Amino acid sequence: MAKGKGKVAKPPRGAQRRADKTSDTSEYDGYEPEPFLYDEEEKILASLVFLGSAALYICTMYPGLPGGDSGELMATAKDFGVSHPPGYPLFTTMAAIMINLFPIGTCAWKLNLMSSTIAGLTNMMMFINVKRFSGSDAAGVLAAGWCGFSRVFWMWSIQGEVFSLSNLFIMVIMYAAWRFANAEGRSGKFYEAKLGALICGLSLTNQHTSVLYIAPTALWVLFTLYNYDLADTYSLFQVGLRGLAGLSPYLQLPISSIFFKARVSWGDHRLFSDFKKHLLREDFGTFRLVSSSEQSTLWDNFMVYFNDSKTELTIAVWILFVVGMLIGLTLGSKKQREVMLIYMAMFGTYHLVFDSLANIKNPSGIYHGVLERFWLQPSLALCCVAGCGVGMIFQFLKEKANCPALKYLFLSLAVIAIGYQIQHNYEDCHENDNYFFWHFSRHILDQLPKRSILLTSGDFSTNTFRYHTIGEEYRTDVMVMDMQFMQAYWFYIMLMPINFPDVSFPGLYKPGKESKYPFYNLKKFLDENFDKYPIYMCLEVPKAEDSIEGYYEAWPFGMCKVFVRVSDNRDPLEHVTSMPWINLEKYPLPDLDRYEPQTWEYTMAMSMLETYSKPATWLWNRANSMTDQALKKKYYETAMNMMVENRKHVFDMVEKGLVTKNVVYYISPLEKNLGHLSLILYSVTKREDPEMAAHWTAQCKKYWTNYVEWHRDTVITKDSMWNTLNSIIKMDDFSSLQLVA
């Protein structure tokens, strides 16, 4: 018998109730789960959303290796290893199956294809969620297309990364919440609770931030189960068991460590302590983005997100988000109000927790790019709620006009809006000709002699080499060593015997001058291996590593550095004239007019540009400390000639259309250095050769005038020396300047 108005009748007590629990199926008597798609029209629209968006993603996806963590994820999956914390076991398992069983394409192409297809499914789930809530096909199509083809979503949908799968799970969790709210009776609630627990468990094996959607949902589900008298031990055990089943992909970590000899893998997960450390990201901090003590405030992070989402999705989406929330909470049915509350709880919890813990202060450049990919998840809720608001408005107008044909008008408007979004972002998001990272790593590997050691530091360089040497089995003779890995004990247990059996490691690597057993520093490593292998570093020696001073030097070598023993007395001038150069014709740079500072393409281009002129500045710096004036002048002149050649080469590339026409990005740093070096050469020649000194004066004015003018008219941040340089070029006579060569 029902107890009070609106209460559901409680099941029988005692022995009969226990008997009912002996079989799960008894709990579902009379419950028919909601169909995934209702009718033929919905099936057609959902299929079109999936196939259309997936097709466009596939047409614009990276043909090869993207930047960031993709190279590591691909190399790890090739050998079924363990990726960086928290491991991403579901993605790794799916990627391993795709790489090893899909018959065509490179490892990178296969995983880019997988991510693009998953992103199409995410758009389809957005359509279904909005359609379920509002009843409007047009609103579902609009929300899916507007969100899915915004710049950030599009970019992270076309590369082999974990974010496409994470986005899909967020949409599926929101769909599971709708199903649970609409389930009828005890049997329905129990069925949907167990299904939702399985989905939530699986989502946590891909990306932990999904817990910020799961937490408020779980509290709501538990409260509802309690109201339906399903909060007893047996029922909660059944729900929890499904959640644990969803977490089962985490068995991949110990399975990998025990049974697979992966060439790149994080940790020794035969030990529970390592498994727990990896799972909780203890090296970085749970929900922390970088291993840094810096902290930003919740409000600062939220405002960065708000401003970015206004740019990416427009302010109209925020307005519709508020409209959708208000309509759903005030004019919606009881179930719509319930679902809207949980959607808002998901959105609010994510920002409350993530924005409080994300420790990137004043994000700029690549760190802004790191942060913006974690805004994909709240933006899904933002667009979903906005779409629900649009849908309820569409439904209201259709009913008021009593004209069913209006739905086709609304669908047409949705398609037009999506077309605009695609056209607006296509130029920034078509990467089907982007081989920059592929070329970057191949260029460096091709320059190295056989059986070389290549030390790396940082994701940018390390992951590209991991991909090529493992994912593509290219230049497997080059021993790529991550100096971060070398600081972990498991490197010597899990990776060293497989990859570097003949290399000497005198303990556990610890950067710095002081190094007592069981630790070793870079100097000791070079002492042990210098006579056995050529040893290189890409890109820079870590700042904390100062142990080699006085014993070894890192000399420029193409895009890398080669370690040279000081006592060998090698000739720097002979070295720079014989070393390999960066071939910008064969390996062109990304267009910096197109790529923003938060992209890996921009980071790579700026690194290459800096490295391109590194040999000349290296000679210049060596000359500064010389006492032999004749040799000093020779070094300066050689450096000057190299910079002039660099400048000419870049202008040639501009003329051939191989680099951006906005030459400022490429030439501006060179112009500044050329002017400075001209001024130095003026100072060393003014007494002995006044005519040559006058030449260098004119050269200095020419280069600095270019630099000052370019800075005046471009968006490049004005140099702190800009005013000083502007004053110097207006001087008729440099003799009054106090110059230090």
Side-chain angles (χ1 to χ4, degrees), residues 69 71-72 75-76 81-85 257 261-271 273-274 277-278 281-284 290-292 444 448 451-466 469-470 477-555 557 560-566:
D69 294 330
E72 180 218 322
T76 301
V82 177
S83 298
H84 64 275
S257 294
K261 293 183 177 180
R263 286 167 287 178
V264 56
S265 188
W266 289 64
D268 179 3
H269 301 287
R270 298 173 297 182
L271 305 174
S273 57
D274 267 31
K277 184 178 182 181
H278 203 78
R281 287 173 50 92
E282 290 180 1
D283 287 338
F284 299 91
V290 292
S291 52
S292 168
I444 293 174
L448 301 180
R451 298 287 293 164
S452 301
I453 291 175
L454 179 60
L455 300 174
T456 62
S457 179
D459 293 343
F460 167 57
S461 59
T462 303
N463 291 339
T464 58
F465 300 129
R466 281 174 176 160
T469 56
I470 296 173
D477 61 296
V478 176
M479 293 170 280
V480 180
M481 298 183 190
D482 183 352
M483 298 180 78
Q484 180 183 358
F485 275 21
M486 290 165 64
Q487 297 179 55
Y489 81 91
W490 45 260
F491 169 83
Y492 305 93
I493 299 171
M494 306 299 293
L495 302 182
M496 186 190 76
I498 301 170
N499 297 309
F500 320 113
D502 300 324
V503 178
S504 298
F505 296 94
L508 186 70
Y509 175 62
K510 183 179 180 181
K513 283 188 177 180
E514 296 297 326
S515 181
K516 297 180 181 179
Y517 185 81
F519 300 105
Y520 69 92
N521 54 24
L522 183 56
K523 176 188 177 297
K524 287 188 177 180
F525 177 80
L526 294 175
D527 288 343
E528 292 284 334
N529 297 285
F530 188 83
D531 292 323
K532 295 189 289 184
Y533 305 99
I535 304 176
Y536 298 84
M537 179 81 210
C538 185
L539 293 164
E540 296 289 342
V541 178
K543 292 181 180 179
E545 185 55 86
D546 54 0
S547 62
I548 64 173
E549 291 181 8
Y551 303 97
Y552 298 92
E553 292 180 341
W555 287 14
F557 185 88
C560 298
K561 299 290 184 68
V562 59
F563 287 101
V564 175
R565 191 158 41 201
V566 172

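In this text, all values refer to a predicted model and were calculated from it rather than measured experimentally.
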Inset, instruction - Flag the pair D502 / K532 as yes when at least one side-chain heavy-atom distance between them is below 4.5 Å, and no otherwise. - result: no
Legend entry - Nearest-0.5 Å distance that lies between atom CG in L454 and atom SG in C538: 6.0 Å
Inset, instruction - Name all residues meeting the side chain to side chain donor-acceptor pair (under 3.5 Å) criterion together with T456; count only those two or more places apart in sequence or in a different chain, and write none if there are none. - result: T462
Legend entry - Ion pair check, R466 and D482, cut-off under 4.0 Å: yes
Legend entry - Ring centroid separation Y509 to F491 under 6.0 Å: no
Inset, instruction - Quick one: list whatever passes side chain to side chain donor-acceptor pair (under 3.5 Å) with Q484, sequence neighbours left out. - result: none
Legend entry - Rounded distance [0.5 Å steps], CG in N499 versus CZ in F485: 10.0 Å
Inset, instruction - Test Y552 against every option in I535, D527, L522 by the side-chain contact (heavy atoms from CB on, under 4.5 Å) rule and name the one that passes. - result: D527
Inset, instruction - For residues H84 and D459, determine if any side-chain heavy atom of one lies less than 4.5 Å from a side-chain heavy atom of the other. - result: no
Legend entry - Sub-4.5 Å side-chain heavy-atom contact between K277 and P85: no
Inset, instruction - Could you tell me which residues satisfy side chain to side chain donor-acceptor pair (under 3.5 Å) with Y520, sequence neighbours excluded, listed by chain and number? - result: Y492
Inset, instruction - To the nearest 0.5 Å, tell me how far K561 NZ sits from E553 CD. - result: 11.0 Å
Inset, instruction - Answer yes or no: is there a side-chain heavy-atom contact under 4.5 Å between V562 and P534? - result: no
Legend entry - Y536 and F557: CA distance, side-chain angles, deciding distance, ring pair (Phe, Tyr, Trp, His ring centres under 6.0 Å) verdict: CA-CA 8 Å; Y536 298 84; F557 185 88; 5.0 Å; yes
Inset, instruction - May I ask you to decide if the ring planes of W490 and W266 are parallel, tilted or perpendicular, using 30° and 60° as cut-offs? - result: tilted
